[in-house]
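See below for the structure under consideration.
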Amino acid sequence: MAFDIEMIKAVYEKMPARVDAARKLVGKPLTLSEKILYSHLWDGEAKEVFERGKSYVDFAPDRVAMQDATAQMALLQFMQAGKEKVAVPSTAHCDHLILAKQGAEQDLRNSLTASGEVFNFLESVSNKYGIGFWKPGAGIIHQVVLENYAFPGGMMIGTDSHTVNAGGLGMVAIGVGGADAVDVMAGMAWELKFPKLIGVKLTGKMNGWTSAKDVILKVAGILTVKGGTGAIVEYFGPGAQSLSATGKGTICNMGAEIGATTSTFGYDDSMERYLKATDRADVAELANGIREHLTGDAEVYANPEQYFDQVIEIDLDTLEPHVNGPFTPDRATPVSKMREEAEANGWPLKVEWGLIGSCTNSSYEDLSRASSIAQQAVDKGLKTKADFGINPGSEQVRYTAERDGLLKIFEDLDATIFTNACGPCIGQWDRTGADKGEKNTIVHSFNRNFSKRADGNPNTHAFVTSPEMVAAIAISGDLGFNPITDTLTNEKGEQVKLDPPVGEELPDKGFAVEDNGYQAPAEDGSSIEVIVKPDSKRLQLLDPFAPWNGENITGAKLLIKAFGKCTTDHISMAGPWLRFRGHLDNISDNCLIGAVNAFNQETNNVKNQLTGEYGPVPATQRQYKAEGVPTIVVGDHNYGEGSSREHAAMEPRHLGVKAVLVKSFARIHETNLKKQGMLALTFANEADYDKVQEDDTINFLDLDKFAADKPLHLEFVHADGSKDEIEVNHTYNEAQIGWFKAGSALNLIKAQNA
């Protein structure tokens, strides 16, 4: 029996009428994405046609999910909202704050000691406010959501960019910052700019070494890390129906790496099979009753160019396995070209580690296919040349895989089985020797491979590929190894070839688990007290941000002009900093320390205009704040790419930064800045980025006339007395300008609930 079945019934009861109303209003057939969006309008049935990429729309998501690293700040904010209980089904999952070093049992024990204060806080807040709590070791949030909560045609938001994984079960699932989650948990509308639509038609059927992972690795190469920004990617066609539900989840998961709002697939037989296998036959039965509304209209898929803003077609018959990287997930290389590319670019060919898992690829099917390669290595007398690590996606997957002998196969190759958690994927990997900073190569099945992300070493070249390719490359120890054509030498000196992977979509004997790690909240949490110690180094109650004084910002200094890629990892690093995710002041000591200063090409070294000296970004900004000097940050394209972590917006806000001015923003980060009462601005003329000088003083000329659809103007006064007046754009509507005026969106919520 599924969780929240009455909520799902209510969604399905309303959906047919709402879809029909939207179709009549729009006057044409609808995509799946449009059906889900129009059936989740805050005001009920559609009364107007929304313009893609333009209209701001209020939605009513069905549920909220939070992982431990972001849940802390989200729930610290929710505690200020004046509510006794969450308004929609919500869950918190402990998966990020768990180390990967020695193995599951010891690592989990050490993590419970190191982060016990945070886990206890999340447990008590969840218990008090009616939030389902998944204990440490229960599994990775997105795998747990897919197994327990995702349902076709639903809409959910989550405080992690990979919330989009639930698209594998036909949801519109969107990653957001914690302030957005607070809105929904407080029973308010959730605002989103109506997305554009990208259609991906899949034809043919995968075979041999190709996997679902290769679909999104190929799409990432086509669209790049920002090509999906502001759009939902909808997959369809006979190739889509040939994929498993967890394979679809893998594809949707990495849609975050192309900047997409989310990705989704229409309901089909594979989803029905997965729902039934995960003890949700009741959901499958309900979905079958409205099946026509849980996929795009036939006319849409027959003539996709008429209904999508962009259409991509991929033939699965000819799709080759890919290996993407290093340092960015959109640098796509077919396996047949990897040796040539690596040699041309000086990438180390020797592979040190192969890592399988993360929310992207930790399903039973993934472990099954990878273990078939590992078993061949055992049978054919091969030994792995690289170290091997495995992160199962959930306790249910781990328990079932152990029962069926899959984990023993990896252990026979001396693999380390880590906890059911994010581990290396989020920088929680205590890798021996990483502190030496040596140039090296690793391959993994994760979704992100930004510099320093996995192990903190900027010289680790991380490559993203499928679990089966990770296994093959780890066995060979050679980045350029192509299992389709190449042979390996076994212990007897014989040349042997690996056969293509085989695996099971779902376990033959069904899933099994003794304790899935779920803890239901108290029926009445009013008597539960949530304690945050005043001297805690891990948790800190929040103070409201100050409202805008209504005047132009003048005399501002440039904190940093960031050069090139500046992701949320650069703005607010993960890894060891995860321990401060519930303490805004402490974690602010990592603010922008990974951003490259355009004036000296160094990280964490900027000029302090008050002293003329160079120093760390956070310390410099703290001095500006102490002296009452406003500052701005300038950045390049796709600023804030990556994680949904709102700390990347809250830290500069807490330290006194007033505005972020860039060539373009990643969607979630722009929203996070707005929610926290900051100015998120873009150059009207991108070439004006080059006019910004290190010693500039910046004056806003017309902020006192701040209005929707009206550019602002800034004056940059240079050290020699010369000036440049620059026009800047913004995407604030009147409601969002209200957030800015109030100091934050949360300040408005508190006022409304007072």
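Counting begins at 1 with the first residue of the sequence.
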Check whether [X] reaches the backbone of [Y] with its side chain - one donor and one acceptor, N or O, closer than 3.5 Å.
| X | Y | answer |
| --- | --- | --- |
| T419 | A421 | no |
| T278 | R280 | no |
| E468 | I373 | no |
| K213 | N361 | no |
| R448 | R453 | no |
| T460 | A462 | no |
| S476 | I473 | yes |
| D486 | N482 | yes |
| S363 | D366 | yes |
| Q67 | T70 | yes |

For [X] and [Y], which I'm curious about, is there any donor-acceptor pair between the side chains at under 3.5 Å?
| X | Y | value |
| --- | --- | --- |
| N253 | H142 | no |
| H444 | N449 | no |
| Q72 | D68 | no |
| N420 | E395 | yes |
| E123 | N127 | no |
| S394 | Q143 | no |
| N288 | Y267 | yes |
| N110 | T113 | no |

By ring pair (Phe, Tyr, Trp, His ring centres under 6.0 Å) - contacts of Y399 (at least two apart) = none

From [X] atom [atom1] to [Y] atom [atom2], the distance as rounded to the nearest 0.5 Å:
| X | Y | atom1 | atom2 | result |
| --- | --- | --- | --- | --- |
| L202 | F236 | CG | CZ | 8.0 Å |
| I174 | S161 | CD1 | OG | 13.0 Å |
| M206 | L316 | CE | CG | 6.5 Å |
| F481 | M469 | CZ | CE | 8.0 Å |
| I98 | L112 | CD1 | CG | 7.0 Å |
| S362 | I140 | OG | CD1 | 4.0 Å |

Go through Y274 and L146 one step at a time and tell me if the side-chain contact (heavy atoms from CB on, under 4.5 Å) criterion holds.
-> CA-CA 9 Å; Y274 187 74; L146 198 70; 3.9 Å; yes

salt_bridge([X], [Y]) N-O dist < 4.0 Å:
| X | Y | result |
| --- | --- | --- |
| R645 | D569 | yes |
| D269 | R291 | yes |
| R369 | E365 | no |
| K408 | E411 | no |
| D4 | R63 | yes |
| D268 | K248 | yes |

Of the non-hydrogen atoms in [X] and [Y], which two are nearest, and what is the gap between them?
| X | Y | answer |
| --- | --- | --- |
| T210 | P321 | OG1-CD, 3.7 Å |
| I356 | P467 | CD1-O, 3.6 Å |
| V145 | A65 | CG2-CB, 4.1 Å |
| T159 | A181 | CG2-CB, 3.7 Å |
| A454 | I442 | CB-CD1, 4.2 Å |

Any side-chain heavy-atom pair from [X] and [Y] closer than 4.5 angstrom?
| X | Y | answer |
| --- | --- | --- |
| M15 | I36 | yes |
| E257 | H162 | yes |
| T416 | F388 | no |
| C359 | N447 | yes |
| Y12 | P152 | yes |

So with a 6.0 Å cut-off around CD of E285, is the heavy-atom count from everything else above 12?
-> no

Heavy atoms of other groups near E105 CD, more than 12 under 6.0 Å = no

Residue pair V233, V219: steps toward the side-chain contact (heavy atoms from CB on, under 4.5 Å) verdict = CA-CA 10 Å; V233 181; V219 170; 5.5 Å; no

Under the side-chain contact (heavy atoms from CB on, under 4.5 Å) rule, what do M66 and I131 come out as? Steps first, then yes or no, please.
-> CA-CA 10 Å; M66 300 164 281; I131 298 167; 4.3 Å; yes

Using the six-membered ring wherever Trp is involved, compare the ring planes of Y149 and F3 and label them parallel, tilted or perpendicular (cut-offs 30° and 60°).
-> tilted

Scan residues 353-380 for pairs that pass ring pair (Phe, Tyr, Trp, His ring centres under 6.0 Å), counting only residues two or more places apart or in two chains.
->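 Qualifying pairs: W353-W429.
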
In sequence, state the C-alpha distance, the side-chain angles, and the governing distance for K218 and D214, and then conclude on salt bridge (charged side-chain N to carboxylate O under 4.0 Å, His left out).
-> CA-CA 6 Å; K218 175 75 172 177; D214 298 304; over 6 Å; no

Output, in order, the C-alpha distance, side-chain angles, deciding distance and verdict of side-chain contact (heavy atoms from CB on, under 4.5 Å) for C422 and H96.
-> CA-CA 6 Å; C422 303; H96 278 54; 3.4 Å; yes

Residue pairs, two or more places apart or on separate chains, that pass side-chain hydrogen bond (donor to acceptor under 3.5 Å, both in side chains) and touch residues 496-508 |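 Qualifying pairs, neighbours excluded: R273-E505, K380-D499.
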
